[in-house]
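For clarity, every value in this text was computed on a predicted model and none was experimentally measured. Throughout, protein chains are lettered first and strands after them, A, B, ... in sequence-line order, and every chain is numbered starting at 1.
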2 protein chains.
Amino acid sequence: MRQQILVEATRLFAARGFDGTSLQDLADAVGIRKPSLLYHFNSKAELRRGVLEELLSHWQDVLPRLLLAATSGLRRFDAITRELVTFFTDSPDRARLLVREALDRPVELRASIVDNVSPWVKVVCDNIRAGQKQGMIHPDVDPEAYVTHVIALVISSVATFDTVGAVMHAGDDAQAQRARHVAELLRVARSSLFRPRERADDDNETTTLTSADHQAR
Amino acid sequence: MRQQILVEATRLFAARGFDGTSLQDLADAVGIRKPSLLYHFNSKAELRRGVLEELLSHWQDVLPRLLLAATSGLRRFDAITRELVTFFTDSPDRARLLVREALDRPVELRASIVDNVSPWVKVVCDNIRAGQKQGMIHPDVDPEAYVTHVIALVISSVATFDTVGAVMHAGDDAQAQRARHVAELLRVARSSLFRPRERADDDNETTTLTSADHQAR
DNA sequence: CCTACCGATCGGTAGG
DNA sequence: CCTACCGATCGGTAGG
């Protein structure tokens, strides 16, 4: 039951916001009475905490695994961005929820980022700086700012695709549009990070990344 | 008075959201009684319309001027992205308001985009395609998706900087952090669009863009 | 632009 | 997990 409440709460908070969702709305969606919700979660604020906790807990396991894996360079870049993109495209509600939280409670989310995300971002940034010394990565990349932008871009693109996707061709079907959207996102992130290689050694780098995106769907 | 109400409404809707702001909150901020608000705006929904209308009206004049100006290539790219960035950094409430609207009313905002934004995006995309034929722009850029991402990145970066900026160095002052953040945003947008030039003809392209950003502050 | 007021809904509690 | 209920606040109206 608790889990079922969290599922519906996630859906409703993402769609209408925390203030735009009443306990009555949520009770109706779950199929129970309003006071029964407050048996599982003592207050509406606790419900918010529960929803957010479940969202963030996913990365507690995944991030360390990705970052401590014995890969490097483009390979690692692929693994991390792919994980980031699939996590949010799998269920765009996660992206909408995070954006709403950033707007509604900037101070609290900022504290949570400092505690849980910053240490891992630092690892990624150290990797980028190493890549810059090796000459693989553009020397004028600002690592912290770059990582921030890529994360913000993935999350906000997914969160607002239904709205912003309006500028894309109406002819294509929605599936194809999403695929194009994600493919371009990955291209922007990659091409602004890695230096173009001098030699024309064709090992299908671009193709690998694009097909990875298609697997994600 | 009407203008003063719109100013406070913009501030409060951006900070707490439409559903998170009561007419009482707004009346207190303006310094009048609640029913007096409803003399100027017949309903809360009309207030939302008024706030959004004022926000979008800015582009009605600026966009055509920028796009029909007799410049091209990197020069035009600079002018457009600079306008986009300064508009939102001048008052981040605009960015927060648009993101909230995208989340709260996707269908309505989508319609407004199709009517007011899409035609201009098409002009930019035609420019990009022309640049691709000339070889100035990466051939694998997806124009519609690229433009969408740059707009989304600018808006969401500004909207969530207070939260997401937590990953950047705590040592620097806030002003410097914002400048770094914006500079990297412009670098990502530019370097993922333009092809690297073969010859080393140093005409300070990068410096121009970066100092333009500093003017914006 | 104000005072006075309204029905509906809000999050939450008592008690079983 | 339910019924019954509460004070506070919501957007909005009447009337001046």
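Residue contacts for A:Ile32: at a heavy-atom cut-off of 4.0 Å it reaches the sugar-phosphate backbone alone, with no base atom in range. Within 4.0 Å of A:Ser36, counting heavy atoms only, lies at least one base atom of the nucleic acid.
Taking only side-chain atoms of B:Ser22, from C-beta outward, the nucleotide of C:dC1, D:dC10, C:dG12 with the closest atom is D:dC10. Listed nucleotides C:dG11, C:dC1, D:dC2 differ in distance to A:Arg33; the shortest reach to its side chain belongs to D:dC2. Between D:dG12, C:dT3, D:dA4, one nucleotide has an atom nearer to the side chain of A:Pro35 than all others, and that is D:dA4. Ranking D:dG12, C:dG12, C:dC10 by closeness to the A:Gln24 side chain, first place goes to C:dC10.
Residues B:Gln24 and B:Asp28 bring a donor and an acceptor atom of their side chains to less than 3.5 Å of each other. A:Ser157 and A:His181 are not linked by any side-chain donor-acceptor pair at a separation below 3.5 angstrom, with hydrogens and angles left out of the test. Side-chain contact of A:Ser22 with A:Asp25: a donor-acceptor pair under 3.5 Å is present, judged by distance alone.
Taking the ring axis of B:Phe87 as reference, the NZ or CZ atom of B:Arg94 stays within 45° of it and closer than 6.0 Å to the ring centre.
Going from atom CZ of B:Arg48 over to atom C1' of D:dG12 covers 17 Å, rounded to whole Å. Distance CG (B:Leu26) to C1' (C:dC1): 15 Å, rounded to an integer number of Å. Rounded to a whole Å, the OH atom of A:Tyr39 is 14 Å from the C1' atom of C:dG16.
Nearest heavy-atom pair, A:Ala102 versus B:Thr163, reported as atom, atom and distance to 0.1 Å: O-OG1, 3.2 Å.
For C:dG15, the paired nucleotide is D:dC2, the pair qualifying as Watson-Crick or G-U wobble because both relevant distances are below 3.5 Å.
A donor-acceptor distance shorter than 3.5 angstrom exists from the side chain of A:Arg100 to the backbone of B:Leu103, with no hydrogens or angles considered.
Near DNA chain C, meaning a heavy atom under 4.0 Å away, there are no residues from residues 100-107 of chain B.
Taking only distance into account, the side chain of A:Lys34 meets the base of C:dG11 through a donor-acceptor pair shorter than 3.5 Å.
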